[in-house]
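The structure appears below as structure tokens.
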Protein chains: 2
Amino acid sequence: MAAVDLSTHPGHLARRLQQAHYLLWNTMVSEEITSPQFAVLNALVAEPGLDQRTVGERVGLDRSTIAEVISRLSRRGLLDKVRDPQDGRRFLLRLTDEGMRTHRKLTVRTARMNQVFLAPLSAEEQAMFFDLIQRVSDAAEGLRNPVEPLASSKA
Amino acid sequence: MAAVDLSTHPGHLARRLQQAHYLLWNTMVSEEITSPQFAVLNALVAEPGLDQRTVGERVGLDRSTIAEVISRLSRRGLLDKVRDPQDGRRFLLRLTDEGMRTHRKLTVRTARMNQVFLAPLSAEEQAMFFDLIQRVSDAAEGLRNPVEPLASSKA
DNA sequence: AAGAAATAATCAGTGTGCTGATTAATTGAA
DNA sequence: TTCAATTAATCAGCACACTGATTATTTCTT
């Protein structure tokens, strides 16, 4: 009888939280555009003309995943890919008018959904919620991308 | 420029948290067994002989996903599927000795990983972290499985 | 200028996660 | 008791997410 209580396992909680969010997104925001897709649209509204890799960095998606997400958005006519004339390896990404419209529409609905999602928490608790999750995520990310010591002894 | 700050979007934060956890799991716990797979092993340690659907319910995975996870665990010889003689629709699931050993080994490593993952938070903050995430997840789940009003007007 | 190193994107392979449709078995009701 | 409803599992299809390998292009070095 060595079973463990998963409700104190942050990984399990993170997965449940994402599931809950996924459900709410589907009912309150969009069934076509997913949350990661919206994040990509949003990144390109903020910085039009980014390349694929950088968009991935902005929204936290790896090279393979970002490629698929972008290919879907492109297939639906929400963004354009153009070869960078300065650097033939890159594709420059830019929202279409349709992409802009979609982003605008979803921004409103997303705000409404976030309100519903966070409604069980008071304003102070919401701030705590953001802060705690961010600190844990940042720290874990830091563990994997260790800061190079100055005057490195690598050589 | 109507771009939004994703760091105040709980869905985005949930995704980042899960990614961070995934990375740490891979380096500190196992590259073969995933966190959902461990959750299934754990459920079957607690309650041997459960059927597939119920295991899914215990760990929070839908019918399709739990089927795939179980088929992988079964392929690796970590659990056995046997038709329920009482109800021919069900398969009863039970860990093999190898499955038991694996669960025991990963339990130790998982505990270590959780410590590292939560290290940036004080003990009080950790308690807060669990409580806030759980409340938000539970509330969102409740939205999707609405409690049938008593003396329902369904008919 | 030529070759080596680095970089952006793609591809192959695996795993999680969801919905809607189907199949097989059981249960419930006329 | 037979037929309808329910239920467990599977299947098809889509989307996210990661790693390792490959390809094309650029940059750096000599």
Side-chain angles (χ1 to χ4, degrees), chain A residues 11-12 14-27 29-40 49-57 59-76 81-93 140-141 144, chain B residues 11-12 14-27 30-40 49-57 59-76 81-93 141 144:
Chain A
H12 186 71
R15 188 163 63 73
R16 277 197 62 212
L17 186 65
Q18 234 205 336
Q19 271 168 353
H21 174 261
Y22 174 87
L23 269 193
L24 209 55
W25 180 279
N26 254 301
T27 57
V29 181
S30 172
E31 292 186 330
E32 281 93 48
I33 306 296
T34 66
S35 166
Q37 285 171 16
F38 175 72
V40 168
L50 283 185
D51 67 307
Q52 189 169 308
R53 199 199 114 274
T54 309
V55 172
E57 214 171 73
V59 302
L61 292 176
D62 72 298
R63 64 204 193 288
S64 290
T65 305
I66 195 66
E68 294 202 39
V69 172
I70 283 176
S71 108
R72 275 176 213 117
L73 291 173
S74 167
R75 233 187 296 134
R76 289 181 208 177
K81 283 174 74 163
V82 189
R83 273 265 182 224
D84 184 345
Q86 256 68 60
D87 185 340
R89 291 167 301 184
R90 284 198 184 84
F91 284 98
L92 303 184
L93 306 173
E141 238 170 62
R144 224 38 212 142
Chain B
H12 185 71
R15 189 164 61 76
R16 275 197 62 211
L17 186 65
Q18 233 205 339
Q19 272 168 353
H21 175 262
Y22 173 87
L23 269 194
L24 208 54
W25 180 279
N26 253 300
T27 57
S30 171
E31 293 186 331
E32 280 93 47
I33 307 298
T34 66
S35 167
Q37 285 172 14
F38 175 73
V40 168
L50 284 185
D51 68 307
Q52 190 168 305
R53 199 199 112 277
T54 309
V55 172
E57 214 172 73
V59 302
L61 292 176
D62 72 299
R63 63 206 194 287
S64 289
T65 306
I66 195 66
E68 295 202 38
V69 171
I70 283 176
S71 109
R72 274 175 214 119
L73 290 173
S74 169
R75 234 187 296 134
R76 289 180 208 179
K81 283 174 75 162
V82 189
R83 272 260 184 230
D84 184 345
Q86 254 70 57
D87 185 339
R89 294 168 297 183
R90 284 200 185 83
F91 286 96
L92 303 183
L93 306 173
E141 238 170 63
R144 222 40 209 141

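Here the structure is a predicted model, which means the values were calculated and not measured. Residue numbers begin at 1 in each chain, while the letters A, B, ... track the order of the sequences.
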When you compare the protein's N or O atoms with those of nucleotides 2-4 of chain C, which come within less than 3.5 Å of each other, and at what distance?
none

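- The separation between A:Asn26 atom CG and D:dC14 atom C1' is 12 Å, rounded to whole Å.
- Applying the salt bridge (charged side-chain N to carboxylate O under 4.0 Å, His left out) rule to B:Arg76 yields no partners; only residues at least two apart in sequence or on another chain are considered.
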Could you go through B:Glu32 and B:Gln37, starting from their C-alpha distance and side-chain angles, then the distance that decides it, and tell me whether this counts as side chain to side chain contact (heavy atoms under 4.5 Å, CB included)? CA-CA 10 Å; B:Glu32 280 93 47; B:Gln37 285 172 14; over 6 Å; no
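- The two atoms that bring B:Ile33 and B:Phe38 nearest to each other are CG2-N, 4.0 Å, heavy atoms only.
- Neither OP1 nor OP2 of C:dG15 sits under 4.0 Å from any side-chain N or O of B:Gln37.
- The shortest heavy-atom contact between A:Gln18 and B:Ala14 is CG-CB, 3.9 Å.
- Atom CG of B:Asp84 is separated from atom C1' of C:dA24 by 14 Å (rounded to the nearest Å).
- In this structure, B:Thr34 reaches the sugar-phosphate backbone alone: every heavy-atom distance under 4.0 Å involves primed, P, OP1 or OP2 atoms, never a base.
- Within the 4.0 angstrom heavy-atom criterion, no nucleotide atom of any strand lies near B:Arg16.
- Residues satisfying the salt bridge (charged side-chain N to carboxylate O under 4.0 Å, His left out) test with A:Arg83, not counting sequence neighbours, are none.
- Here the rule is side-chain contact (heavy atoms from CB on, under 4.5 Å) with A:Arg90, and of A:Asp84, A:Val82, A:Leu50 only A:Asp84 fits it.
- Taking atom CD1 of B:Ile66 as the reference point, atom C1' of C:dG15 lies 13 Å away to the nearest angstrom.
- Judged by closest nucleotide on DNA chain C, B:Glu32 is the one of A:Gln19 and B:Glu32 placed further toward the 5' end.
- Between A:Ser35 and A:Gly88, the residue whose closest nucleotide on DNA chain D is further toward the 5' end is A:Ser35.
- With rounding to whole Å, A:Leu61 atom CG is found 7 Å from D:dC18 atom P.
- Counting to the nearest Å, the P atom of D:dC14 and the CZ atom of A:Arg76 are 11 Å from each other.
- Residues that satisfy the salt bridge (charged side-chain N to carboxylate O under 4.0 Å, His left out) test with B:Asp62, not counting sequence neighbours, are absent from this structure.
- Atom CD of B:Glu31 is separated from atom P of D:dA17 by 21 Å (rounded to the nearest Å).
- To the nearest angstrom, C1' of C:dG17 lies 11 Å from CG of A:Leu23.
- Here the P atom of nucleotide D:dA15 and the CD atom of A:Gln18 are 17 Å apart, to the nearest Å.
- Applying the side-chain contact (heavy atoms from CB on, under 4.5 Å) test between B:Lys81 and each of B:Leu93, B:Leu73, B:Leu92 identifies B:Leu93 as the sole match.
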Which parts of nucleotides 7-13 of chain D does protein reach within less than 4.0 Å, heavy atoms only, written one letter per nucleotide 5' to 3' as B for base, S for sugar-phosphate only and - for none? BSSBBB-
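- Residues forming a salt bridge (charged side-chain N to carboxylate O under 4.0 Å, His left out) with A:Arg53 (at least two apart in sequence, or on another chain): A:Glu57.
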